[in-house]
Structures are given as structure tokens and as C-alpha cells.
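First up is the structure itself, then whatever we jot down about it.
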There are 2 protein chains.
Amino acid sequence: MTTRTQTRDPAGRLALNQILQGDCIEIMRSLPEASVDLIFADPPYNLQLRGDLHRPDNSRVDAVDDHWDQFSGFAAYDAFTRDWLAAARRVLKPDGAIWVIGSYHNIFRVGTELQNQGYWMLNDVIWRKSNPMPNFRGKRLTNAHETMIWASRSEGSRYTFNYEALKSLNEGVQMRSDWVLPICTGGERLKDAAGDKAHPTQKPESLLHRVLIGTSNPGDVVLDPFFGTGTTGAVAKMLGRNFIGIEREEAYIQAAKRRLARIRPYDGMAIATTTSKRSEPRIPFGQLVERGMLRPGEELYSIGNRYTARVRADGSLIGNDVKGSIHQVGAALEGAPSCNGWTYWHYRREGKMVSIDALRQQIRAEMENRPN
Amino acid sequence: MTTRTQTRDPAGRLALNQILQGDCIEIMRSLPEASVDLIFADPPYNLQLRGDLHRPDNSRVDAVDDHWDQFSGFAAYDAFTRDWLAAARRVLKPDGAIWVIGSYHNIFRVGTELQNQGYWMLNDVIWRKSNPMPNFRGKRLTNAHETMIWASRSEGSRYTFNYEALKSLNEGVQMRSDWVLPICTGGERLKDAAGDKAHPTQKPESLLHRVLIGTSNPGDVVLDPFFGTGTTGAVAKMLGRNFIGIEREEAYIQAAKRRLARIRPYDGMAIATTTSKRSEPRIPFGQLVERGMLRPGEELYSIGNRYTARVRADGSLIGNDVKGSIHQVGAALEGAPSCNGWTYWHYRREGKMVSIDALRQQIRAEMENRPN
DNA sequence: GTAAGCTATGAATCTCACA
DNA sequence: GTGTGAGATTCATAGCTTA
């Protein structure tokens with residue numbers, strides 16, 4: 001397979017923010033070594049599905065039976081994993097890191113090979129789906145999570161970890177290794193011309209938001225060797241990171257290009273992450289940003305409409321040179337000892353002012369069903 | 001190493017409900033094949049990699065010579081894993097299944113070897129710790145979970161899965177692959193003579209409760225090749241399962257024996273399984289049983305004291321031949337279309353009637369510190 | 001116009017006894 | 001071994017239709 005897109009610009013430098021079409025192993029081998037800060041990879045899971053599956057109402061489940069997920073067996077899948085992980089390691093900078101997402105079908109083989117190649121595991125992170133598909137036949141547990149492995153290139157790598165930014169996203173409490181986020185549905189889910197899903201396994205932007213905020217910096221180069229419809233590129237562009245996408249399927253590339261063209265990066269102020277210590281409990285305000293309920297850079301208005309502040313990507317606010325939580329910034333602007341930011345701040349939708357507390361109520365309503 | 005305990009009784013049958021001292025690989029090889037229904041294994045991952053573990057003849061060593069030390073460590077661990085999993089598979093009945101618990105240090109290697117040997121993965125299950133140790137250095141995410149793999153002996157195995165019992169434990173909703181349970185602390189944590197913890201990684205009984213209720217039946221033989229201080233045996237005994245424990249360390253065996261001697265099995269009826277507070281998180285009634293707040297077999301009293309029902313191990317009730325959730329049984333007894341079982345049922349403590357809702361409030365208060 | 005009800009769908013290794 | 005028929009089996013959410 002040939003690469004239709006140039007991997008270098010006219011000056012010989014790595015060409016950024018574009019999609020390279022072709023086999024990711026070949027293309028990564030053609031890229032300059034030690035040129036990438038972070039890799040996010042969503043490789044084929046090697047699902048081994050038997051017959052059709054129907055819901056109790058007799059509707060048929062749309063299975064992931066695409067040709068790119070077919071392997072002849074574990075040996076073939078292991079060889080594939082070995083090759084792409086080795087090629088990926090070569091293009092990583094010495095202090096670079098990688099994320100790989102998978103399910104029980106493939107993640108153990110990926111993790112073993114990561115360790116074999118000298119990657120250094122930092123965490124395994126559980127994406128707990130708030131709305132997974134149930135087990136229709138009642139023969140197993142609801143498969144309600146996927147596993148991500150976060151590993152640095154080597155044991156000694158000084159990897160990027162924005163501890164305070166993640167703590168801020170979690171409203172002042174240390175971020176844990178289990179992340180509760182909804183699957184990608186609704187308006188975020190890309191559709192093809194026929195109205196069907198453009199890609200069978202599109203990941204939610206909230207997941208990539210947290211990954212990139214936590215383990216990369218603005219200006220970094222983020223590589224996704226299984227680009228699909230470009231969630232990694234989309235979030236990277238929003239957050240001021242550079243991306244390189246590699247994808248084989250023409251249809252996915254076209255969908256990704258259309259998607260990326262619509263993305264507008266947040267401005268630098270919104271992307272800057274908190275470095276100060278803070279503390280608060282309960283529903284993290286940052287979840288509103290992660291879930292796309294509020295956009296980084298979006299303006300909030302005080303209860304009397306006298307002050308404004310802007311939302312930042314890590315869930316902190318900035319207004320009149322004051323940075324901090326929704327509560328801290330509100331208190332500072334009012335000259336008050338304290339302030340309930342949830343009732344103090346409002347956002348504008350369709351010309352009307354709405355309290356951000358409405359968004360918190362919305363999340364709480366979702367959580368009611370699945371508190372665990 | 002010699003086995004100090006007999007693996008057969010005088011009649012030549014498998015000796016049950018005792019601890020066999022020695023190396024689990026040797027002992028499992030001496031047990032009759034196809035004699036065990038379920039295995040629960042908590043293998044070590046911090047093996048001292050001395051010369052006593054035979055190195056496998058693995059030809060991939062050259063490919064990773066720049067990480068020789070790591071790989072030789074992994075190779076030794078892989079050989080150990082290969083041997084004990086093979087010995088375990090031999091003693092499993094054709095329809096038997098295995099649980100293995102681990103962390104990112106070892107679970108990927110265990111999972112890969114399980115697949116290589118022909119075990120068939122059913123679920124990977126996340127134990128989400130509600131009170132994990134924080135990461136003090138702030139260089140990684142709080143490691144707040146452990147991973148369990150549930151696999152049948154073979155692809156075609158007709159494994160045990162008590163779907164309704166688990167659904168009942170989860171208050172009528174299908175049990176998911178992520179389980180929120182506290183770590184083992186307080187009175188449940190075994191102490192040695194010096195008052196220190198008797199075992200470094202004692203698992204909570206609530207975890208084993210859910211495993212055994214969900215994937216074994218009363219009378220089954222449950223084998224734990226890394227018995228430690230005997231959590232598997234203790235819960236098996238409570239729930240009317242037979243256990244075989246294998247453990248090398250004399251101190252752990254002694255602690256486990258003392259522990260097991262104190263356990264009283266629940267009776268058969270209790271073990272049998274079934275086939276505005278709105279904004280507050282939902283607490284499954286089954287958690288009260290799992291956490292030991294209510295005992296299987298304990299009697300509950302209706303609000304007017306006209307009816308009684310007994311608690312069963314899966315969190316269901318039985319009263320007047322009616323079996324089901326606290327709400328269902330209450331509704332049936334009252335002849336009402338619905339009933340709030342939380343306010344309907346009371347239990348007796350020191351002669352006084354107490355609403356079970358008080359227990360729910362207690363759990364909710366604990367959860368408030370860790371809302372996520 | 002609003003509320004209630006109905007339909008669609010998501011990375012899924014998803015039945016079993018008997019002839 | 002394979003084929004067949006009876007029987008068991010779903011949660012959260014988005015979006016559309018009906019009352």
C-alpha cells in the first residue's frame with residue numbers, strides 16, 4: 001500500500017495536523033524517530049463473534065464484523081501487535097508515552113507485548129461506561145467498561161503528567177484510575193450519507209479530552225495510528241495539540257477530514273492548566289467541560305450579570321486575572337469570603353441565561369440510575 | 001517441598017474443607033483431574049526472581065536484549081504462570097471456571113496465558129475500591145482498582161452463572177462488570193500476635209461473596225491455590241460451598257485455620273438463591289448482606305409487625321412462600337401493586353425494631369466522602 | 001405547547017436439550 | 001458430530017410521535 005500523503009513538509013520537517021493514508025506500521029517506520037510526544041491507539045480488538053445476536057425484542061444487534069477486525073488467531077494478532085508497537089516506540093521521543101485502549105479480547109496481549117518491548121506501565125485506566133449495552137441473554141455480566149493502558153516509552157522516561165490539571169478536572173480530588181464517561185451517541189456520533197454510523201467504534205471526545213489534558217502539553221505532537229474518524233485529532237485540535245493521524249480506510253478519512261474542518265481551537269488562555277492547589281468536593285465542575293456541556297473558552301456570567309469569567313479546559317475559571325474554581329473566582333470578584341459557584345455562575349443558551357447548576361442536576365439525574 | 005496434609009480421605013476421595021501445605025503446582029498435580037468446580041486465585045506478582053524458577057527456552061530473548069533484566073523477570077513469571085494455570089486447568093471439571101485477580105503488574109501476562117491455554121474468557125471484572133490508598137507522589141493516577149478475569153475451562157464449557165442471584169444483589173438490575181466494594185479493613189482484617197496485619201493483600205469477603213454467589217452453587221468444590229489467610233475458604237464455608245486451600249506459608253495457614261474455625265455456615269434456606277430520596281444514590285439491599293450488616297437467615301419484620309420474612313444470601317427475601325426483592329415481597333404480602341421495602345422492613349437489634357433504611361443511610365454517609 | 005409514550009441502538013467472544 | 005425447536009432474555013439515552 002502506498003502513502004498518498006507526504007510525511008514531511010517541503011523543508012523536510014514532520015508534516016503535522018494531517019491524515020496519512022496507509023498501513024500504520026509502514027507509515028510509522030517512515031516517520032522520523034523520536035519525533036512524537038504522545039500516542040493514542042485504538043487498535044482492532046480481534047472480537048470473535050459467532051452467530052447473530054438479537055435483543056429480547058427481537059431486534060438485531062449491529063455487530064462489529066468489519067474486515068479490519070479479522071485475524072486468523074492469536075499468533076497473527078500477536079505478530080500484528082508486536083510490529084505496530086515496535087514501530088510506535090521508535091517514533092516516540094525518549095520521554096514520550098502511549099495510551100492503548102482495548103477489551104478483554106485483546107488488551108491482555110497488548111499489555112504483555114508492551115512490557116516485553118520495554119515500555120513502562122504507569123497505570124491501567126478503566127473507562128466505566130455510564131450507558132453500556134446490556135447482556136441480552138443473561139449469560140454473563142454486562143460488559144460495562146473498557147481498559148486503557150498508559151505507559152511511558154522506557155522505565156526512566158520523564159513522562160508528562162499534569163497532576164493539578166486532572167485534580168482540577170475532578171474538582172480538587174486526586175484523579176483515580178477509573179473514569180466514568182458515557183459512550184459516544186447523539187449528535188457527537190458521526191453519520192454517513194445514509195444516516196448510519198460512520199464508524200462502528202467511535203470513541204467519545206470526553207475520553208480523549210481527559211487523556212490529552214492529563215498527559216500532554218499544548219504544542220505537543222500526538223500520533224494516532226488507528227485514526228478512524230478522527231476523535232484524537234479533533235480533541236487535539238481543540239486543545240492546541242498537533243496531531244498525526246494514520247488510517248487505511250478512505251471512507252473514515254473523508255469523514256475525519258470533514259469533522260476536523262469544523263473544529264475551532266480554544267484560545268490559549270482557555271487551554272492553560274491550573275498549577276495551584278485547590279480543593280472542593282462533589283460533582284466536579286470539570287465534568288461539565290469534559291462532557292461538552294460547557295466549552296473551554298466559553299463565557300460565564302455572574303448572578304447579577306456584573307462580572308464575566310471564562311471556562312478553561314481543566315474545569316477552572318479565569319476572570320479579571322483571578323484563576324481558580326467556580327467558587328473561588330466568584331468569591332474573589334464579589335470580595336466575599338466564600339461563594340457557591342454553582343448558583344452564582346450562568347451561561348448563555350439561545351439568548352437566555354441558565355444557571356450552571358442546571359447542568360449539575362442533569363448529571364446527577366444520570367447518576368441516579370447507576371450510582372456505583 | 002512435601003505435602004503435610006493428605007489430599008485424599010481414607011476412602012480415596014478428594015479431601016475437602018482443609019488446607020494443603022506446599023507448592024500449589026506440585027499439589028494440584030497430585031489432585032484428581034476434573035474434580036473441582038471453581039477456582040479462585042490471587043497469585044503473587046512480586047516474586048523474588050532468584051534461580052529457583054526455571055527459565056523457559058524462549059527464543060525471543062535476543063529481540064529485547066536491551067531490556068534483559070526486565071524480560072528475564074517476565075520470562076520467569078510467565079513460566080510460573082504457565083505451570084500453575086496448566087495444573088489448575090487439569091483439576092477443573094469440563095464445565096468448571098476460574099477467577100484470577102491481579103493488577104497491571106501481572107494481570108496482562110495472566111490473561112495472555114489463560115487464552116493461550118484454551119481457557120475461554122467470560123468477563124474481565126473491575127473491582128473498584130471505594131477507599132483506595134491515594135498516590136502520595138502525584139506522579140500517576142490513584143490506583144483505585146484491581147482486575148479480575150473470569151474464564152471457563154474451555155470455549156464450550158457450560159459454566160455456572162447465577163444471573164438472577166447477581167441481579168438480585170444489584171437490586172433488580174443486571175450486574176455489571178465493574179464492582180464497587182471497599183477494601184478489607186477494620187474488624188475483618190486479620191491481625192497477627194503483634195497486632196500487625198496478618199497478610200499483606202487480604203481480600204474483602206464481600207468480593208468473594210459476590211464471586212461465589214454468582215458463579216458457584218452450594219455443594220460445589222472451590223479451590224484456592226494461593227489461599228493466604230483463607231478469605232475464599234471462609235466465604236465458601238459461610239455459603240455452603242466446599243473448599244480446598246493450598247498455601248506454602250505456615251503463618252498464613254495458622255491464621256486461616258483460626259479464622260475458619262470461627263465461621264458458622266448459613267443454613268440452606270439462606271443460601272438458596274433466586275433464580276424524596278430520589279437524588280440520592282441507589283444502594284442495593286444486597287450490600288447490607290455483603291457487608292455483614294444483616295446476616296443471611298435473619299428475620300425481618302413488616303412495618304405493622306404483621307408479616308415476617310427471612311434474608312437470603314443473595315439479598316432477596318423469602319416470606320410466606322414469596323421470594324424476591326425487599327420491595328417485591330413487601331408488595332406481595334400487602335397485596336399492593338408496589339411497596340418501598342426500605343421503609344417497610346425492620347430488623348431487631350437489642351430488642352428494638354430498626355428500619356433497614358437506617359443501614360442504607362449509613363452506607364450513604366460513607367459514600368459521601370468518595371462520590372465518584 | 002407540553003407531556004407522555006414509543007422506537008432505535010450501542011466494540012458482544014450472549015441457549016440448550018434432544019433427536 | 002450437526003440440526004432443530006422450545007424457551008429465555010435488556011439498560012440507558014436520544015429522538016420522534018402521539019395525546
Side-chain angles (χ1 to χ4, degrees), chain A residues 42-66 68-71 73-74 77 100-109 127-148 180-191 195-204 207 226 228-229 231 291 362-363 365-372, chain B residues 95 111 114-115 118-124 149-152 154-161 163-164 166-167 170-178 275 282:
Chain A
D42 183 11
Y45 286 10
N46 189 26
L47 298 185
Q48 296 159 56
L49 307 179
R50 299 297 186 256
D52 281 354
L53 178 65
H54 293 85
R55 299 183 182 81
D57 64 3
N58 282 329
S59 63
R60 186 175 159 279
V61 176
D62 186 15
V64 179
D65 53 4
D66 305 77
W68 46 255
D69 199 38
Q70 306 302 319
F71 294 84
F74 286 133
Y77 189 82
V100 189
I101 185 167
S103 67
Y104 66 84
H105 310 83
N106 72 323
I107 198 64
F108 302 110
R109 315 201 77 87
W127 169 28
R128 303 169 62 209
K129 303 178 183 182
S130 56
N131 50 347
M133 186 167 73
N135 184 294
F136 298 117
R137 307 307 293 265
K139 299 303 295 180
R140 303 183 178 193
L141 302 164
T142 308
N143 203 345
H145 74 277
E146 296 192 25
T147 300
M148 297 191 290
V180 181
L181 296 167
I183 63 176
C184 183
T185 59
E188 187 185 325
R189 189 87 194 215
L190 297 182
K191 302 293 194 297
D196 300 320
K197 56 191 175 189
H199 192 284
T201 70
Q202 185 181 341
K203 296 294 176 290
L207 193 69
F226 306 97
T229 46
T231 304
R291 295 178 172 218
Q362 194 174 323
I363 291 180
E366 293 174 23
M367 289 176 64
E368 262 185 52
N369 305 311
R370 311 265 78 233
N372 295 342
Chain B
D95 290 336
L114 278 165
Q115 292 177 314
Y119 288 97
W120 192 247
M121 286 205 183
L122 301 169
N123 279 113
D124 58 334
I149 299 173
W150 175 39
S152 62
S154 307
E155 178 176 353
S157 299
R158 289 171 304 179
Y159 54 90
T160 297
F161 182 57
Y163 175 77
E164 290 293 343
L166 287 178
K167 193 172 173 178
N170 201 32
E171 197 154 77
V173 182
Q174 198 173 81
M175 184 70 79
R176 296 163 46 112
S177 59
D178 54 321
T275 62
R282 183 192 300 182

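Quick caveat, the model's predicted, so the values are computed rather than measured. Below, read A as the first sequence line, B as the second, and so on, with proteins coming before strands; counting in each chain starts at 1.
Using atom C1' as the reference point in both D/dT10 and C/dT7, the two lie 15 Å apart (nearest Å). Only the P atoms considered, D/dG7 is 23 Å distant from C/dC14, to the nearest whole Å. Here the separation of D/dT9 from C/dG10, taken at their P atoms, is 25 Å to the nearest Å.
Nearer to the 5' terminus of DNA chain C, by closest-nucleotide assignment, is the contact made by A/Asn131 (compared with the other of B/Met121 and A/Asn131).
Residue A/Gly51 is in base contact, counting any heavy-atom pair closer than 4.0 Å across all strands shown. Heavy atoms of A/Asp62 sit under 4.0 angstrom from primed sugar atoms or phosphate atoms, though from no base atom. Using a 4.0 Å heavy-atom cutoff across all strands shown, A/Thr201 reaches at least one base atom of the nucleic acid. Among the protein residues, A/Pro204 comes within range of no part of the nucleic acid, since none of its heavy atoms lies under 4.0 Å from any strand.
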CA sep, side-chain torsions, deciding dist, call: A/Asn46, A/Arg109, side-chain contact (heavy atoms from CB on, under 4.5 Å): CA-CA 11 Å; A/Asn46 189 26; A/Arg109 315 201 77 87; 6.0 Å; no
Pair A/Asp69-A/Thr201, side-chain contact (heavy atoms from CB on, under 4.5 Å): steps then yes or no: CA-CA 11 Å; A/Asp69 199 38; A/Thr201 70; over 6 Å; no
side-chain contact (heavy atoms from CB on, under 4.5 Å) assessment of A/Leu53 paired with A/Arg137: CA-CA 9 Å; A/Leu53 178 65; A/Arg137 307 307 293 265; 4.0 Å; yes
Candidate pair B/Met175 and B/Tyr163, rule side-chain contact (heavy atoms from CB on, under 4.5 Å), full reasoning: CA-CA 8 Å; B/Met175 184 70 79; B/Tyr163 175 77; over 6 Å; no
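Summarising the base pairing, C/dA19 is matched to D/dT2 through a Watson-Crick or G-U wobble pair whose two defining distances lie under 3.5 Å. In this structure, D/dT9 forms no base pair with any nucleotide, since neither Watson-Crick nor G-U wobble geometry is met with both distances under 3.5 Å. C/dA12 is unpaired under the criterion used here, namely a Watson-Crick or G-U wobble arrangement in which both key atom distances are under 3.5 Å. With a 3.5 Å ceiling on both atom-pair distances, the Watson-Crick or G-U wobble partner of C/dA4 is D/dT17.
Counting only heavy atoms from C-beta on, A/Arg189 has its side chain closest to C/dG10 among C/dG10, D/dT13, C/dA12. Of the candidate nucleotides C/dA11, C/dA12, D/dT10, D/dT10 has the atom lying nearest to any side-chain atom of A/Pro134.
For the pair A/Gln70 CD and C/dA11 C1', the interatomic distance rounds to 13 Å; values are reported in whole Å. Separating the CG atom of A/Leu141 from the P atom of C/dC14 is a distance of 14 Å, rounded to the nearest angstrom. Across the protein-nucleic acid pair, A/Asp42 atom CG and C/dA11 atom C1' stand 9 Å apart, rounded to whole Å. A straight line from CG of A/Leu49 to P of C/dA12 spans 8 Å, rounded to a whole angstrom. In this entry the distance linking CG of A/Leu190 with P of D/dA14 reads 17 Å, nearest Å. As rounded to whole Å, 13 Å separates atom P of C/dA11 from atom CG of A/Asp69. Regarding A/Arg140, its CZ atom lies at a distance of 16 Å from the P atom of D/dT10, rounded to whole Å. Look at CE on A/Met133: it is 11 Å from P on C/dC14, rounded to the nearest Å.
Of the possible polar contacts, one joining the B/Ser177 side chain to the A/Ala144 backbone as a donor-acceptor pair under 3.5 Å is found. Between the side chain of A/Gln202 and the backbone N or O of A/Glu188 there is at least one donor-acceptor pair closer than 3.5 Å.
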Between the protein and nucleotides 16-19 of chain C, list every N/O to N/O distance that falls short of 3.5 Å.
{"residue": "C/dC16", "atom": "OP1", "partner": "A/Lys139", "partner atom": "NZ", "Å": "3.0"}
{"residue": "C/dA17", "atom": "OP2", "partner": "B/Arg158", "partner atom": "NH1", "Å": "3.2"}

Distances under 3.5 Å between protein N/O atoms and the N/O atoms of nucleotides 1-9 of chain D, please, pair by pair.
{"residue": "D/dG7", "atom": "N2", "partner": "A/Arg137", "partner atom": "NH2", "Å": "3.2"}

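Salt bridge status for B/Asp178 with B/Arg176: present, with a side-chain N to carboxylate O gap under 4.0 Å.
Annotation: side chain of A/Val100 is not in contact with side chain of A/Phe226 (no heavy-atom distance under 4.5 Å). Put simply, the side chain of A/Glu146 reaches to within 4.5 Å of the side chain of A/Lys129, judged on heavy atoms.
For A/Lys129, no side-chain nitrogen or oxygen approaches OP1 or OP2 of D/dA12 to under 4.0 Å.
For B/Tyr159 and B/Trp150, the gap between ring centers is short of 6.0 Å.
Counting heavy atoms of neighbouring residues, nucleotides and ligands inside a 6.0 Å radius, atom CZ of A/Arg50 exceeds 12 of them.
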